[in-house]
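So that the names make sense, note that chain A is the first sequence line, chain B the second, and so on, each numbered from 1.
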Amino acid sequence: MPDLIDIRRVFTQVEEIRHEFGPPPPAPLLRGAIAVVMTNPYAGRYEADILPMMKALEPVGVDMAERLLAAMDVPREAVATYGKGAIVGAAGELEHGALWHVPGGYAMRELLGWKGDRAAYVAGQGSGTTKGQPGNALAIVPSTKKVGPPGAALDVPLTNINASYVRGQFDAIEVRIPGAPASDEVAYILAMTTGYRVHARVGGLRAEDIAQWDGLR
Amino acid sequence: MSIDIRKIVVQVDETRQEQGQRIEPPTRRAVAMAVIANPYAGRFSENLDELVAAGEELGGLLGDKCVKALGIAPGEAESYGKAAIVGEGGELEHAAAVLHPKLGAPLRQAVEKGAALVPSAKKRGTLGTAIDVPLGHKDAAYVRSHFDAVEARVSDAPRAGEIVVCVAVTDSGRPLPRIGGLTTAEIKGEDGLR
């Protein structure tokens, strides 16, 4: 069996949003995404046990999160929202994209100083953190995935790293890799931003008012 | 008057493997895109000086962004290209005003030298329109291994009164060049061609 991880291409994009026809904020909003295009080891057939790939993706995720932070060129404390996604080439299935849920989410939480129980997280038994305590990266990492052709665009959702209900930070970033994924490839994606939509003004919970530290509010 | 930049997008595309062959070191192409207001949208203006000035400012800004995103010294840049997508309220000549008179000199400064023509493309488009930015070796246009193009696109631009201005810089040619022609080792770099 060849190595499960066979990276073909790495694609990063960073957006600096200065305004959207309204008053410019004191600092531009930064939104970044990184996509790794790799061989889909399960393309072209039904494979019942795909969990080895989930494990193998863990170091890939950690490396991607670090590369994305470096591309955004901000301290990690500046990261306010995150999201993740996957685009599976035509010879694969949606479930191959779902392999990204644990390693992708874990990678950014690790980067941002999450102190939860990793084993519980992998097993899907909650974050293992104690409610009521301030912490980092307590919120679920929102995600989208699809099966698509080369150049397919994926809207990756973004929400606050500590409280999913911070309304002014609900957002999404479009990620599209020209020429990928080919049918036997899969693209795994991470995204992060530095905060509020550029002219956010529809009310709701503000990040400074997070009080429950339960990942939601 | 300084240009009104709404957003800047920088992307890096790194190819580590192609057709089962490992690319060592990986080929890397950076594109920096600025979404600017088009001061001449919706009317005919004989004079396009504001966009000429915008081009001069953006050549350095976007060239520097690409070099920084690649993490290289300016002299390590190998190929370059430029392009613009004009929103519906503008005309093709607006793209020409940004790209041709003054963008090149500060871009060449950003990549050190640059004896060759900066290859270009332009079109009118709408939100999410993609443009293929042509790439050629910065010191010798006939270097065959570096004939290439990289796709640029901003999902929410250009709106009708905007222009997307793109600069691309690489530190490499195509991943697996093997069709002969002038090689980088043979460059004289005097006339910009060979």
Side-chain angles (χ1 to χ4, degrees), chain A residues 2-3 5-25 28-39 60 63-64 67-68 70-73 150-156 171-180 182 184-185 187 191 193 197-199, chain B residues 2-37 61-62 65-66 68-71 127-133 148-157 159-162 164 168 174-176:
Chain A
D3 281 348
I5 303 299
D6 181 28
I7 296 173
R8 299 187 186 180
R9 218 167 133 191
V10 181
F11 185 87
T12 59
Q13 77 182 47
V14 177
E15 306 180 352
E16 172 187 324
I17 302 169
R18 300 185 176 190
H19 70 79
E20 195 176 356
F21 317 114
L29 168 67
L30 288 184
R31 309 197 307 175
I34 183 167
V36 161
V37 180
M38 60 177 76
T39 308
V60 176
D63 181 55
M64 284 169 69
R67 279 168 175 264
L68 177 55
M72 291 173 72
D73 198 19
L154 184 72
D155 291 310
V156 179
D171 202 356
I173 183 171
E174 192 174 325
V175 180
R176 174 177 173 275
I177 311 144
D184 68 339
E185 294 175 338
T193 83
R197 295 184 305 276
V198 70
H199 305 309
Chain B
S2 180
I3 41 173
D4 175 10
I5 301 176
R6 178 163 71 84
K7 71 193 278 189
I8 293 174
V9 181
V10 181
Q11 66 185 44
V12 177
D13 192 343
E14 174 180 313
T15 301
R16 298 186 181 185
Q17 196 196 111
E18 177 93 326
Q19 205 72 6
Q21 309 296 305
R22 203 146 285 288
I23 311 300
E24 195 55 55
T27 55
R28 299 188 309 147
R29 303 178 295 186
V31 186
M33 296 154 263
V35 179
I36 65 167
L61 177 72
L62 298 179
K65 291 264 184 196
C66 287
K68 187 174 181 210
L70 291 169
L127 292 76
T129 294
I131 192 161
D132 292 310
V133 186
D148 199 0
V150 60
E151 202 174 315
R153 174 179 177 272
V154 179
S155 64
D156 66 348
R159 281 159 160 132
E162 293 181 327
V164 177
R174 295 187 308 278
L176 298 169

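Atom CD1 of residue A/Ile7 and atom CD of residue B/Gln17 lie 10.0 Å apart, to the nearest 0.5 angstrom. Taking CD of A/Glu15 as the reference point, atom OG1 of A/Thr193 lies at 10.5 Å (rounded to 0.5 Å).
When B/Arg28, B/Arg29, B/Arg153 are compared by the number of non-hydrogen pairs under 4.5 Å with chain A, B/Arg153 comes out ahead. If you tally non-hydrogen atom pairs under 4.5 Å between each of B/Ile5, B/Thr15, B/Asp156 and chain A, the highest count goes to B/Ile5. With chain A as the partner, the residue from B/Lys68, B/Arg22, B/Glu151, B/Met33 showing the most heavy-atom pairs under 4.5 Å is B/Glu151.
Comment: B/Arg16 does not engage A/Asp6 in a salt bridge, judged by the lack of any side-chain N to carboxylate O separation of less than 4.0 angstrom. A salt bridge does not link B/Glu162 to B/Lys7: none of the charged side-chain nitrogens sits closer than 4.0 Å to a carboxylate oxygen.
With a threshold of 4.5 angstrom between heavy atoms, A/Glu174 approaches chain B through side-chain atoms but not through N, CA, C or O.
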